[in-house]
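Notes for the one structure printed next.
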Amino acid sequence: MPSATARVVLVTGVSRFLGARVAGALQAEPGIDRVIGVDTVPPTTPLGRTEFVRVDIRTPGIAKVISSERVDTVVHLNLVTSQIGPRPKMKELNVIGTMQLLAACQRSPDMRKLVVRSSAAVYGSSPRDPAVFAETDEPMEAPSSGYAKDVTEVEGYVRGLLRRRSDLTVSVLRFANFLGPDVDSPLTRYLRMPVVPTVLGFDPRLQFIHSGDGAEVVRRMTVEDHPGCYNVAGDGVLLLSQALRRAGRPSVPVPEASMQVFGDLGRRFAGLSGFSPELLRWLMYGRVIDCSKLAAELRWRPEHSAESAFTDFVRAAGGGHNPSLEVFDRLVGALGGRSPATTSHGRSGPRFGGPRAAPHENGAGR
Amino acid sequence: MKHGFGEFAEEQPMAPVIPLNTGAGEPPPGNGSLEDRLAAGLSFLRRRLAGDYEVDEFGYDPELAAGVLLPLARALYEHWFRVELRGLENVPADGCALIVANHSGTLPIDGLMLQVAVHDHVGRDLRLLGADLVYQVPVLGHLSRKAGHTLAHPADAARLLGKGELVGVFPEGFKGVGKPFRERYRLQRFGRGGFVETALRAGAPIVPCAIVGAEEIYPKIADLRALARLLGLPYFPITPTFPLLGVLGLVPLPSKWLIRFGEPMPMDGYGPEDADDPMTVFNLTDHVRETIQQTLYDTLLERGPAF
């Protein structure tokens, strides 16, 4: 249901991929008068109609922007997931920034709506949790480090604000890992490593959301009223091993204890961000979230499945050819056989393709 | 909404589940020329190398399970344990159901044999519920997920039953699988009746199942508790051959197996609210347990000598 108020929307974190996409989508909305983007660094891409204000949300400056511009909708996308600087700084950006922003929101009489980017990382990753998380599920072990802990705290502050300002429409979006041509995150840097280290003996289930779909969800949450907490991920699940094979990335299994060493080497020599504890746990146990609540509420499903988001990312990263597959095809060709790539469909179609409704090897009993 | 196995590949509108490509990956049955089998094997290998297969939200990889994991278990099933089945007509051909079985054998091989039995002779995938220890152990954890198992958690069980799946559970858990040999075929406590609550909430019939033969594969005659604690295991078994013969001691003894499925117990007379009534849950749990115990004794008599 579209809300009727004349709209001044403030988007935090506008200089990063999600903020830029959301600002771009919102400024095309006829119902929105102004889009104000804030961030600590200037945007790298032109923002069009969006007015950029360089302000740090950790400072009271943000309150001035909100009150003087009569902002009625705040879209809070300023979540730092990669540890570039020291950890205290990241925590300050995420938690203190949110506290300052929410304090300004609580004070402002014009405020109507708050949309917050959270993360599925709030569910943690552990072998003792159910395979699929719904919004009401609590993890057995709450995340104790990194941005996963930050988002847990951020969600706590958002709930606090909602208690004090029950007139606000608050939507919290727990996103799966973003993938897309414009995304730069610990995950994308991990997947771009020349040889991707995986944890020996573990093959996590992963979900992805395409950055375009993520921005579309935020747009819908902003222009329509959908209060509540929602899991957001593309359809389908990929295993890490499967994803790496599809991308044709060489990988090497590494014992868990040595992963940290790999990460440190990467940080020192390749400009990577290392392996934070929550990324490492995710690479061991993975995580799957249930997005049926979002689909039912929006009557919409993400355009990109996990698989196509991944394909899109791989294409943009310049990968896609699979050396082991090429070697395999060449070997089979050299052995004089028909290449299974060309014959497999024709052959397997009639024989294995049909539905396996009838019990096969119907021997005993029935 | 109930889904049969054949309808599995269809779009399910609300459930966020990727459709399983049930047709793919079945290795050709024994007939067919060598060339055809070779081509099928190569195309299977190629799909694996390309990552061109699908897994569901639990990590179940039907192609790998049917093409690699189950054939390995099937070799044991047919030639080593010579499993015979009874009461197959009691396993529903479609719709959700909960198969509740006794657990034994020191290593949970009975679960695999039950899965092969249901897969080969009922034509359905059995989704087993495993202990959390399984998912902490490297290799075992992801192989178990790829084989279609998941964590024994009420949420996972409810989700599977809600999709119309056939779910298998061993309520005795470690108490059953790790009990000493002298207590063979005596059922242990059935957890806290969580499986009954789940069945009540899902309205799924319970199919009692007695597995005879698994008790003799690794007769556990002693337990090194200190070593088990050190390794974080629930027990460290001593069998006549392990650790005396080292790795060779891991070969299970070739006992004769009989698996009997009892009549399904429908949950029609109850509603989901009965899951919150502990007395109903206790009574049902006891009833299921007694049924399985009785079936176990009967089947044991039928089997006769263990080897």
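Chain A is the first sequence line, chain B the second, and so forth, proteins listed ahead of strands; every chain is numbered from 1.
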Taking all heavy atoms of [X] and all of [Y], pick out the closest pair and write down the distance.
X         : Y         : value
Phe328(A) : Leu42(B)  : CZ-O, 3.5 Å
Tyr285(A) : Tyr135(B) : CE2-O, 3.7 Å
Val288(A) : Glu57(B)  : CG2-O, 3.7 Å

Just wondering, are more than 12 heavy atoms of other shown residues or ligands nearer than 6.0 Å to [atom1] in [X]?
X         : atom1 : result
Glu302(B) : CD    : yes
Glu141(A) : CD    : yes
Arg82(B)  : CZ    : yes

Discussion item. Holding to salt bridge (charged side-chain N to carboxylate O under 4.0 Å, His left out), I want the full list of residues that pass it with Arg174(A), two or more places apart in sequence or in another chain.
Written reply: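 Salt bridge (charged side-chain N to carboxylate O under 4.0 Å, His left out) list for Arg174(A), sorted by chain: Glu155(A).
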
Worksheet item: Looking at Gly87(B), Ala157(B), Gly141(B), Gly51(B), which one has more heavy-atom pairs under 4.5 Å with chain A than the rest?
Response: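 Answer, by heavy-atom pair count under 4.5 Å with chain A: Gly51(B).
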
Discussion item. Looking only at heavy atoms and a cut-off of under 4.5 Å, which of Asp156(B), Leu140(B), Val139(B) has the most pairs with chain A?
Written reply: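 Winner by heavy-atom pair count: Asp156(B).
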
Practice prompt. In sequence, state the C-alpha distance, the side-chain angles, and the governing distance for Val237(A) and Phe58(B), and then conclude on side chain to side chain contact (heavy atoms under 4.5 Å, CB included).
Written response: CA-CA 9 Å; Val237(A) 171; Phe58(B) 297 92; over 6 Å; no

Please flag which part of [X] lies under 4.5 Å from any non-hydrogen atom of chain B: side chain, backbone, both or neither.
X         : answer
Asp137(A) : neither
Val132(A) : both
Leu200(A) : backbone

Practice prompt. Evaluate the side chain to side chain contact (heavy atoms under 4.5 Å, CB included) criterion for residues Ser241(A) and Lys146(B): first the C-alpha distance (whole Å), next the side-chain angles of each, then the deciding distance (0.1 Å), finally the verdict.
Written response: CA-CA 12 Å; Ser241(A) 62; Lys146(B) 284 170 186 170; 4.3 Å; yes

Worksheet item: Are the side chain of Asp203(A) and the backbone of His142(B) linked by a donor-acceptor contact shorter than 3.5 Å?
Response: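 Pair absent, no side-chain N/O of Asp203(A) close to backbone of His142(B).
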
With the side chain counted from C-beta on, respond yes when [X] and [Y] share a heavy-atom pair under 4.5 Å apart, and no when they do not.
X         : Y         : value
Pro127(A) : Asp132(B) : no
Pro204(A) : Arg145(B) : no
Glu54(B)  : Glu307(A) : yes
Val55(B)  : Arg205(A) : no
Arg128(A) : His153(B) : no

Discussion item. So that I can tick it off, tell me whether Arg46(B) and Asp329(A) are bridged by a salt bridge, with the cut-off set at under 4.0 angstrom between side-chain N and carboxylate O.
Written reply: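 Yes, this pair counts.
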
Worksheet item: From Gln136(B) CD over to Phe202(A) CZ, what is the distance, rounded to the nearest 0.5 angstrom?
Response: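 Answer rounded to 0.5 Å: 9.0 Å.
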
Item to complete: State whether a side-chain donor-acceptor pair under 3.5 Å links Tyr53(B) with Arg245(A).
Response: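 Note: Tyr53(B) and Arg245(A) side chains meet the donor-acceptor criterion.
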
Worksheet item: For chain B, which of Ala131(A), Ala306(A), Pro130(A) has the most heavy-atom pairs under 4.5 Å?
Response: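 Heavy-atom pairs under 4.5 Å are most numerous for Pro130(A).
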
Fill in: Structural part of Leu151(B) lying under 4.5 Å from a heavy atom of chain A
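Contact with chain A is through the side chain of Leu151(B) alone.
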
Worksheet item: Pairs in or reaching into residues 66-97 of chain B: which pass ring-ring contact (aromatic ring centres under 6.0 Å, His included), with residues at least two apart or in two chains?
Response: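 Residue pairs passing ring-ring contact (aromatic ring centres under 6.0 Å, His included), neighbours aside: Phe81(B)-Trp257(B).
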
